[in-house]
Amino acid sequence: MTKGPSKTASALKRQWPLALLLVLLFTALAWAYLAPGPAAVGLAAQVDASLTASGVSSRVTAVLLNFRAYDTLLECFVIFLGVMVVWSLRPTTVTAPRQPQAGAILSSLERLLVPLMVLVAGYLLWAGSNQAGGAFQAGAILGGAGVLLLLDSSPLLARLPKGGLVWGICLGPFYFLVVAVAAMLRGRHFLEYRAPEATLAIVTLEATAAFSIGLCLATLFAGRQPQGKSRGENSAHSPAWEEDS
Amino acid sequence: MVVNAFDICLCLTLAWLAWQVLRSHDLFKAVVLFISFGMLMALSWVRLQAPDLALAEAAIGSGLTGALFLSALQRVTGNKRGERRLDRNEERHDKRA
Amino acid sequence: MNTFYVSLALILLLSVAAGLLRILRGPTAADRMMAAQLFGTCGVAILLLLARGFDALIVEDVALVFALLAALSTVAFVRRAWTGKITPKGRRHDHR
Amino acid sequence: MTIVELIGTGCVVLGIPFFLSGTIGLLRLPDIYTRLHALTKADNVGLGFIVLGLIIQSSSWLEVIKLLLIWFLVLMASATSCHLVADAALRKKIKPWTREK
């Protein structure tokens, strides 16, 4: 290391509280793992017993989107709130340096990967009802596709209207609410749906949630409110993300 | 036996990586270490037989956090200081060469 | 379960752990980033070997996602973090 | 062990040294350009052998397609990132290493 020995020593001195905390945490974890306790009772049996009523054959999806759909609803809103927080920040005065030309290699990678990403996201969404996969995974991959498009400053995103962006971000969380309230209108509890119509509800919920999560992640990466025109004008046709300059 | 060795190796590398992320003063280094941490985390979820989480971690940890953190680093440190931070190491390297 | 494939995966994991030293050592930012890229390729290989070793086909999906997003952080690095200029003397020039 | 399994396992084993040499190259080679070369070539060949070995032993078409797709994607990712990093390094005027006379 190029640092002097005295600097390293002072760095070590500064780090000892952290080291102590880590050692304590580790000891606690080891104790919790090794200590004899009551035998853990899993919920696997209960989940299996009511799996047929859930509308899907994957246990994880059944738990996430039916038995404990409340959690997933809140998670959708957490990501939504994240976007709201980022948009409410004052734009940075620092502008990105004018980037070198993206180059043919990057754009051809983008043309190759983005369709494949959408395809794989669709596959994960579809596979989610009977094996691993689902809305969040598919959404993350869609977000990756969005990030790739943004990095290449692709004209595809520059043409995306701001209004469309806002609607797309809202779609997932609010569709979730609509489904939840629709269950109440039919005389059930909030978010309660059962086998015959549950499959449809879960599949549509997952698709909209994945779409919105992907859009939210890409928006988080863009990192600022879209530069739309002022409210009075027709903001639906202004580009959401202009190129960094 | 081999499986145990694999798990132990995974655990040790994860713990060591976490420690390095925390103690690194160079933010860029911490970001790269964190990306590696995410990838190892995906392997751990596979070993813990949670393929759902492994999928999510593979997508988020290996691709998105890297891009998000690097973009955030550029904004947080401000363009000039951030670059100087990155370039400092290279200058040092140049001098030595 | 196929122990042989798991032991091959163990060898690759050790090789990845050795590659970590490059992240710590640098010296340029690109060196660190490329060491993370090594994780991408090696990680895919480890996942494929684990999928065969434990007969879990779903793990191949994880490898697919890994491979799909492997380039993302490197592209972000080149486009966002590593765009300045240094001259051979090491003095920094503004680009405008 | 059938002959097919034997050949498949042989291919997989053949891939491992390439990964090891890639890592050794990453640690030992003198500058970023040479390290890029070690990383993005050796590892891809290694992964190719592993994929080939797994394909030989595979019984389902879906799996074969998935494996080929994985290898293809990794090839694309490595090639692109190698090009981008080397390009950026040249732009930054990092001098390629030469043997001292």
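Each chain gets a letter, A, B and so on, in the order the sequences are listed, and its residues count up from 1.
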*Asks:* Side-chain donor-acceptor contacts of residues 49-57 of chain C below 3.5 Å, not counting sequence neighbours, with atom names and distances?
*Replies:*
from   : atom 1 : to     : atom 2 : distance (Å)
R52(C) : NE     : Q57(D) : OE1    : 3.2
R52(C) : NH2    : Q57(D) : OE1    : 2.5

*Asks:* Main chain of V74(D), side chain of S78(D): is a donor-acceptor contact present, judged purely on distance under 3.5 Å?
*Replies:* yes
*Asks:* Does any heavy atom of chain D fall under 4.5 Å from the side chain of Q37(C), the backbone, both, or neither of them?
*Replies:* side chain
*Asks:* Heavy atoms only: give me the nearest M34(C)-V85(D) pair and the separation to one decimal.
*Replies:* SD-CG2, 3.8 Å
*Asks:* If you take all heavy atoms of K66(D) and L64(C), which pair is closest and at what distance?
*Replies:* CG-CD2, 4.4 Å
*Asks:* If you look at every heavy atom in C42(C) and F19(D), which pair is closest and at what distance?
*Replies:* SG-CD2, 3.4 Å
*Asks:* Please flag which part of F66(C) lies under 4.5 Å from any non-hydrogen atom of chain D: side chain, backbone, both or neither.
*Replies:* neither
*Asks:* Mind listing the side-chain donor-acceptor pairs of residues 8-22 of chain C below 3.5 Å, one per line with the distance, residues two or more places apart or on another chain?
*Replies:*
from   : atom 1 : to     : atom 2 : distance (Å)
S15(C) : OG     : T23(D) : OG1    : 2.8
R22(C) : NE     : L26(D) : O      : 2.9
R22(C) : NH1    : G26(C) : O      : 3.1
R22(C) : NH2    : L26(D) : O      : 3.2
R22(C) : NH2    : L27(D) : O      : 2.9

*Asks:* Determine the minimum heavy-atom distance between S58(D) and E63(D), stating which atoms define it.
*Replies:* OG-OE1, 2.9 Å
*Asks:* Using only non-hydrogen atoms and a strict under-4.5 angstrom cutoff, which residues of residues 2-14 of chain D touch chain C?
*Replies:* T9(D), V12(D), V13(D)
*Asks:* Of all of I24(D), I32(D), I50(D), which one pairs up most often with chain C through heavy atoms under 4.5 Å apart?
*Replies:* I32(D)
*Asks:* What part of L62(D) gets within 4.5 angstrom of chain C, counting heavy atoms only: side chain, backbone, both, or neither?
*Replies:* neither
*Asks:* If you count heavy-atom pairs under 4.5 Å between each of N44(D), V51(D), T40(D), L67(D) and chain C, which one has the most?
*Replies:* L67(D)
*Asks:* Tell me, please, which residues at least two apart from D43(D) pass salt bridge (Lys or Arg N to Asp or Glu O under 4.0 Å).
*Replies:* none
